[in-house]
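The next block holds one structure in the form of structure tokens; read it before the comments.
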2 protein chains.
Amino acid sequence: MLGAHGDLGGRMRVTIADVARRARVSKATVSRVLNNRGEVDAGTAVRVREVIAATGYTPSAGAVGLARGRTQTVGVLVPHLTCPWMGDVLQGVSDVLEAHGYGLLLHTMNRGADSVTRFTRHVSGNAFDGLLLVEPPDPLSCLTGLRESGFPVVVVDDGDDGDGDGDGDHPGFPSVATSNRAGATAAATHLLATGRTRPVVIPGPAALGRTRARTEGFRTPFTAAGHPTPHHVEADPTRAGGRTAITALLAENHEFDSVFTHNDLTAAGVLDALHEAHVDVPTQVAVIGFDDIDLAAHTQPPLTTVRRPSREMGEAAATILLANLAGAPFPTTPEIIPTELIVRASAP
Amino acid sequence: MLGAHGDLGGRMRVTIADVARRARVSKATVSRVLNNRGEVDAGTAVRVREVIAATGYTPSAGAVGLARGRTQTVGVLVPHLTCPWMGDVLQGVSDVLEAHGYGLLLHTMNRGADSVTRFTRHVSGNAFDGLLLVEPPDPLSCLTGLRESGFPVVVVDDGDDGDGDGDGDHPGFPSVATSNRAGATAAATHLLATGRTRPVVIPGPAALGRTRARTEGFRTPFTAAGHPTPHHVEADPTRAGGRTAITALLAENHEFDSVFTHNDLTAAGVLDALHEAHVDVPTQVAVIGFDDIDLAAHTQPPLTTVRRPSREMGEAAATILLANLAGAPFPTTPEIIPTELIVRASAP
DNA sequence: GTGAAAGCGCTAACAC
DNA sequence: GTGTTAGCGCTTTCAC
């Protein structure tokens, strides 16, 4: 009977000592076989491996971590899990991490300060080797402490706009972002090319770097072509927000031939409002969103939008972090994954 | 200068020994203060706490885990992160776990067998105290081993139909499911109440218990009312699948006045096909989906659907698991979170 | 009330 | 090549 130490319920863990005893070697040798470290006699190695297979031994992750000082785990902090693209980011991260044998410890900031406190404890508790911060809100107090401690951190989707001046929302951290500026420029260029000259812009939260980048990127082609700066309208970054904003605009008889929103949800609301007002899309007004969430392909009409490469950003961030854990230095400039203009019926 | 042992880069970890030394007590006493265990002199406790605060000491999660034999972490295995409701499930799980001070180690099965192998290593490596299996595919080999070992596992969204016979896809495991049968019955009843008698059903994967449950639940009211068994049509569980299926059905002049699909994506495809064929929804054909993903509220017309309480299911599963870790026995019958019929314009 | 000492399961010098 | 010996940072008897 195997390892019948009598644990309550299941059988007792088989430890490296058990393996060593049964293979008639020392724990050190088992460890060597386990990690292909040092030269071990071929015959001995085979014997050890047989015992390992026979006993079903698996090293205790915790013990290995304690002894090595590394946990083979990275922490991921996300604002919340329910927004449309978070799954994509996580999938990208998870794929890379799993491929390299790393675990992924997930944390949410859903419960505000308390969440962050708990998270910080985990960090200082050495629960993981490195950290991925997804869309961190601006004033994340624990950040400064992190940087000072030299703990490996990569920021995903910092507000950086890809214009090379490195002015993300969290300068000083290695980061992955998308070409917010170029994406917005592509949208503007597309509108101009299809004869639209009087756009309305519904920007995102003003505090975010990406809002600045998208705003500027969109304005550039218009002013360059001699048109006035696009009209801006504030709105909640929701479907209802977009709808309300455009309804108000129509009520005051503001003239426009196109709408560019900083996110797809708002754009969906814009479509709603236009539909209600019997304004045809795209003949009377063209609409372009941002992100390319699932919904974008399903609106009526389907939404032309700037795709944000969420999954690729997750992959890139994880890759950079793992490279650093493996000894490589962090890149000094943000890695920019390009956006892509997805042309659908709302702005053909 | 604090703990200037000289770690490369950051400052060296402050350990319980450091705290003990500076507070002029033993490690044991610090541990007692830390865990409110045993009677510690009030003055001593205060002194220790001061040192802890001053040094910013945080216990090493790994060391605590090794010593206590518990990691305060639960593993979550999901098929993939990109499907619409997974974020909701995870959010529910995460909220409960964080509220109880547990970490969440996320695993994906994206890469098939390899993923599962890695995952299994983590399990036997004692990386976590308990396990949440979300929508596990039928033949998950490691499952039987898990059950035998007595390792705490809760299955989320097992195929169980809530009819009380406990015939989930993974009998023997405690599980959380939704009232698939009752939800489908509600959809059927709603259709009948609005004068629809010739429905078409597009079921989900035949292998899943929930497909059986939804199929039966939908059929019951029709046969009870003396109508024939609803016509079934196979289709991929995607938007394209629903579209193709209905297009074919229209081509062969099959008569029907309503469509019930086992998921919203398929329903969206059905709407597409009907729209193309100039069949009006809902006057000519009513459509009801299942799940209530974000998309459902945004289709044209908005989709009537059976809401599946993803987030609540996640919360329930986590709660059951934590209760077990705290000593409570597992419930012997699946916990059923009820569905809810969300009536929108596609089937008013 | 508090300390000393023995682990938890593993790795990593260092000897032989 | 392989064993011995220390730890990694904490918890937990068991004395005092």
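Letters go in sequence order (proteins before strands), and every chain restarts at 1. Only a predicted model underlies this, so the values are computations on that prediction, with no experimental measurement involved. We use all heavy atoms of the structure for the numbers below, so side chains are in, but hydrogens, waters and symmetry mates are not.
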Q | Polar side-chain atom of B/R13 near backbone of A/S124 as donor-acceptor pair, under 3.5 Å | A | yes

Q: Report the distance from atom CZ of B/R21 to atom P of C/dG3, rounded to the nearest whole Å.
A: 14 Å

Q: Grab the CD-P distance between B/Q72 and D/dT11 for me, whole Å please.
A: 11 Å

Q) So which one's nearest nucleotide on DNA chain C is more toward 5', B/V40 or B/K27? A) B/V40

(Q) Taking B/V51's backbone N and O only, do any of them form a donor-acceptor pair with B/T55's side chain (distance below 3.5 Å, no angle check)? (A) yes

**Q.** Euclidean distance, atom CZ of residue B/R32 to atom P of D/dC10 [Å, nearest integer]
**A.** 16 Å

Q: Can you tell me the distance, in whole Å, between the CD1 atom of A/I16 and the C1' atom of C/dT11?
A: 8 Å

(Q) Using a 3.5 Å distance criterion without hydrogens, assess whether the side chain of A/E98 forms a donor-acceptor pair with backbone atoms of B/T108. (A) yes

Q) From D/dG1, D/dG9, D/dG3, pick the nucleotide closest to the side chain of A/E39? A) D/dG1

Q.
So if I take every side-chain heavy atom of B/A67 and compare against C/dT2, D/dC10, C/dC10, which nucleotide ends up nearest?
A. D/dC10

Q) Any idea which of C/dG9, C/dG3, D/dG9 is nearest the B/T29 side chain? A) C/dG3

(Q) Which is more 5' along DNA chain C, the nucleotide nearest A/A28 or the one nearest A/L66? Just name the residue. (A) A/L66

**Q.** Short side-chain N/O contact to C/dT2 OP1/OP2 from B/T44, under 4.0 Å
**A.** yes

Q: Please confirm whether any donor atom in the side chain of A/R68 sits under 3.5 Å from an acceptor in the base of C/dG9, or the reverse.
A: no

Q: Verify, without hydrogens or angle tests, whether B/R47 (side chain) and B/A23 (backbone) share a donor-acceptor contact under 3.5 angstrom.
A: yes

Q) Which nucleotide in the set C/dC10, D/dT4, D/dC10 lies at the smallest distance from any side-chain heavy atom of A/S26? A) D/dT4

**Q.** Side chain of A/D41 (C-beta onward), nearest among C/dG3, D/dC10, D/dT2
**A.** D/dT2

(Q) For a quick check of understanding: with a heavy-atom distance under 4.0 Å over all strands, which category does B/S31 fall into, base, sugar-phosphate or nothing? (A) base

Q. Using 30° and 60° as the class limits, which term best fits the ring planes of A/H107 and A/H122: parallel, tilted or perpendicular?
A. perpendicular

(Q) On the nucleotide D/dG9, are OP1 or OP2 found under 4.0 Å from the side-chain N or O atoms that A/N126 carries? (A) no

Q | Phosphate contact (C/dA12 OP1 or OP2) by A/R37 side-chain N/O below 4.0 Å | A | yes

